[in-house]
Amino acid sequence: MEKLLHEMHTWMNAYMRSFRTNDPEVMRGIQLKEIHTGYVTAHARALAKHLGCHAHDMAIAEIIGLFHDVGRFRQYARYRTFNDAASEDHAELGLKVLAEENILAPLSDVDAEAVRFAIKYHNKKEIAPTRDERKLFFAKVIRDADKLDIYRVLLPFLTPEGAEKAPNFVPSDAAQEVSPDFVADFAAGRQADYYRLRTNGDRKIVRLMWIYDINFMWTLRRIVERGYVDTFIASLPAQAGIAEGVARLRAYIERRCAQND
């Protein structure tokens, strides 16, 4: 398995480099995702190890982390945006890339299907119902690993000035305010639909509401300890309903962090 991991890392590194260009706008997005891929791969393996996985399943978690955003590179080169609603679903695009390149062929059918399932649902509002506990486990691992690093990725873009430098998460002229439906979701502690993002404020709220969808305490503790929640909250505009959502979120975090792993 170690030989296969090395080969897959080698392929992915070459694939990512193939999108490098002299266009600074494109390079900003490509480099961001190259770094993100490295962090998520490491997070996925570390989380799997923490959860007691044996070496084989730790490797599967690493493979999922490595390939979870493979579709982002073609997406950004083609559309110059990371907004799936304005381009293509990057998870589905990534599965197309893996199929075209036959990258998962060396895996067993069971492992390859687990990888595909986890990648397919890593960016969805919810994981599709399944009776396959192993597929569900890996989907939860990659969703946590991905979210943990996305908080880091977005920190420089939280201010109005920083938002102007963001690699097309939302339209460049998007407002800082939070849309009323997102405020309502936040106040009620509900997950919001990523595809409804319209403003920079919406983007922040969606990421804060991800906290309700974190699967493992290993992940939540790192998000809290690194100050991501406080930083995102501090960047929110003063709007009616926001304080209610913040209070609900903080109470939820306090309850969960008081629990054992």
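We count residues from 1, following the sequence as given. Just so it is clear, the values below take in all heavy atoms, side chains as well, and ignore hydrogens, waters and symmetry mates. As the structure is a prediction and not an experimental result, all values here were calculated from the model.
- Contact check for Ile35 versus Arg152: side-chain heavy atoms found under the 4.5 Å cut-off.
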Please evaluate residues Asp181 and Arg190 with respect to the criterion salt bridge (charged side-chain N to carboxylate O under 4.0 Å, His left out), reporting the C-alpha separation (whole Å), side-chain torsions for both, the decisive distance (0.1 Å), and the verdict.
CA-CA 11 Å; Asp181 51 335; Arg190 294 190 298 262; over 6 Å; no

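- Aromatic ring centres of His68 and His90 lie farther apart than the 6.0 Å criterion allows.
- Residues Gly71 and Leu93 come closest through the heavy atom pair O-CD2, 3.4 Å.
- Judged by distance alone, the side chains of Asp202 and Thr199 do bring a donor and an acceptor atom under 3.5 Å apart.
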Verdict with supporting geometry, Lys96 and Glu92, salt bridge (charged side-chain N to carboxylate O under 4.0 Å, His left out)
CA-CA 6 Å; Lys96 291 179 186 177; Glu92 302 292 345; over 6 Å; no

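- In this structure a side-chain-to-backbone donor-acceptor pair under 3.5 Å is missing from Lys120 to Leu95.
- Side chains of Ser87 and Arg78 form no contact here, defined as non-hydrogen atoms less than 4.5 Å apart.
- Considering all non-hydrogen atoms of both residues, Val141 and Ala44 come closest at CG1-O, 3.9 Å.
- At distances below 3.5 Å, not a single donor-acceptor pair connects side-chain atoms of Asp69 with backbone N or O atoms of Arg72.
- Using a distance-only test at 3.5 Å, with no hydrogens or angles considered, a donor-acceptor pair links the side chain of Arg248 to the main chain of Ala187.
- Leu47 contributes atom CG, which lies 11.5 Å from atom NZ of Lys140 (distance to the nearest 0.5 angstrom).
- Residues Leu4 and Pro106 approach most closely at CD1-CB, 3.7 Å, considering heavy atoms.
- Under a cutoff of 6.0 Å and an axis angle of 45°, Arg222 and Trp218 form a cation-pi pair.
- Using a 3.5 Å distance cut-off with no hydrogens or angles, the side chains of Asp89 and Gln75 do not pair a donor with an acceptor.
- Met1 is listed as a side-chain neighbour of Leu107, based on a closest heavy-atom distance under 4.5 Å.
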Given the rule in the salt bridge (charged side-chain N to carboxylate O under 4.0 Å, His left out) test, do Arg250 and Asp230 qualify, once you have shown the distances and angles that lead to the verdict?
CA-CA 10 Å; Arg250 290 198 185 281; Asp230 289 339; 2.9 Å; yes

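- In this structure, the side chains of Phe19 and Met27 stay at 4.5 Å or more apart for every pair of heavy atoms.
- Under the 4.5 Å side-chain criterion, counting only non-hydrogen atoms from C-beta, Thr37 is not in contact with Glu34.
- Once rounded to the nearest 0.5 Å, the distance linking CZ of Arg17 with CD1 of Ile30 reads 13.5 Å.
- One finds the CG atom of Leu249 at 5.5 Å from the CD1 atom of Ile233 (value rounded to the nearest 0.5 Å).
- Taking hydrophobic clusters as Ile, Leu, Val, Met, Phe, Trp and Tyr residues chained together by side-chain heavy-atom distances below 4.5 Å, Val224 shares a cluster with Tyr252.
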Residue pair Asp144, Lys147: steps toward the salt bridge (charged side-chain N to carboxylate O under 4.0 Å, His left out) verdict
CA-CA 5 Å; Asp144 271 31; Lys147 288 178 174 68; 5.9 Å; no

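- Note on Leu5 and Met58: separate hydrophobic clusters, where clusters join Ile, Leu, Val, Met, Phe, Trp and Tyr whose side-chain heavy atoms are under 4.5 Å apart, directly or indirectly.
- Atom SG of residue Cys53 and atom CZ of residue Phe137 lie 3.5 Å apart, to the nearest 0.5 angstrom.
- Atom CD of residue Gln239 and atom CZ of residue Phe182 lie 12.5 Å apart, to the nearest 0.5 angstrom.
- Residues Leu136 and Ile142 fall into different hydrophobic clusters, defined by Ile, Leu, Val, Met, Phe, Trp and Tyr side chains chained together at heavy-atom separations under 4.5 Å.
- Of all the heavy atoms in Ala139 and Ile127, the pair that sits closest is CB-CD1, 3.8 Å.
- Distance check: Leu148 CG to Ile214 CD1 gives 8.0 Å after rounding to the nearest 0.5 Å.
- A donor-acceptor contact closer than 3.5 angstrom links the side chains of Glu88 and Tyr79.
- At most 12 heavy atoms of other shown residues, nucleotides or ligands fall within 6.0 angstrom of atom OH in Tyr39.
- Annotation: side chain of Arg134 is in contact with side chain of Asp111 (closest heavy-atom distance under 4.5 Å).
- Inter-residue side-chain proximity for Met8 and Ile63 is flagged as met; some heavy-atom pair is nearer than 4.5 Å.
- Within the 3.5 Å criterion, the main-chain N or O of Lys124 finds a donor-acceptor partner in the side chain of Arg143.
- Hydrophobic clustering places Tyr212 together with Val246 (ILVMFWY residues linked when any side-chain heavy atoms are closer than 4.5 Å, directly or through intermediates).
- Using a 4.5 Å cut-off on side-chain heavy atoms (C-beta onward), Leu66 and His9 make contact.
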May I have the step-by-step check of side chain to side chain contact (heavy atoms under 4.5 Å, CB included) for Phe67 and Trp11, ending in yes or no?
CA-CA 10 Å; Phe67 294 141; Trp11 179 87; 3.8 Å; yes

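- If you look at His43 and His36, their ring centroids are not closer than 6.0 Å.
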Give the intermediate values and the outcome of ring pair (Phe, Tyr, Trp, His ring centres under 6.0 Å) for residues Phe117 and Tyr121.
CA-CA 6 Å; Phe117 182 87; Tyr121 290 105; 4.9 Å; yes

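- Here the shortest heavy-atom pairing between Val183 and Ala240 reads CG1-O, 3.2 Å.
- Each of Leu236, Asp185, Asn200 was compared with Ile205 under the side-chain contact (heavy atoms from CB on, under 4.5 Å) criterion, and only Leu236 meets it.
- Among residues two or more places apart in sequence or in another chain, the salt bridge (charged side-chain N to carboxylate O under 4.0 Å, His left out) test is passed with Arg74 by Glu100.
- Under a 4.0 Å N-O distance rule, the pair Glu113/Arg116 qualifies as a salt bridge.
- A cation-pi arrangement is absent between Arg207 and Phe232 under the rule of less than 6.0 angstrom and at most 45 degrees off the ring axis.
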Side chain to side chain contact (heavy atoms under 4.5 Å, CB included) evaluation trace for Arg80 with Asp23
CA-CA 11 Å; Arg80 299 200 177 194; Asp23 186 325; 2.5 Å; yes

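- Across all non-hydrogen atoms, the minimal contact from Tyr151 to Trp210 is OH-CB, 3.4 Å.
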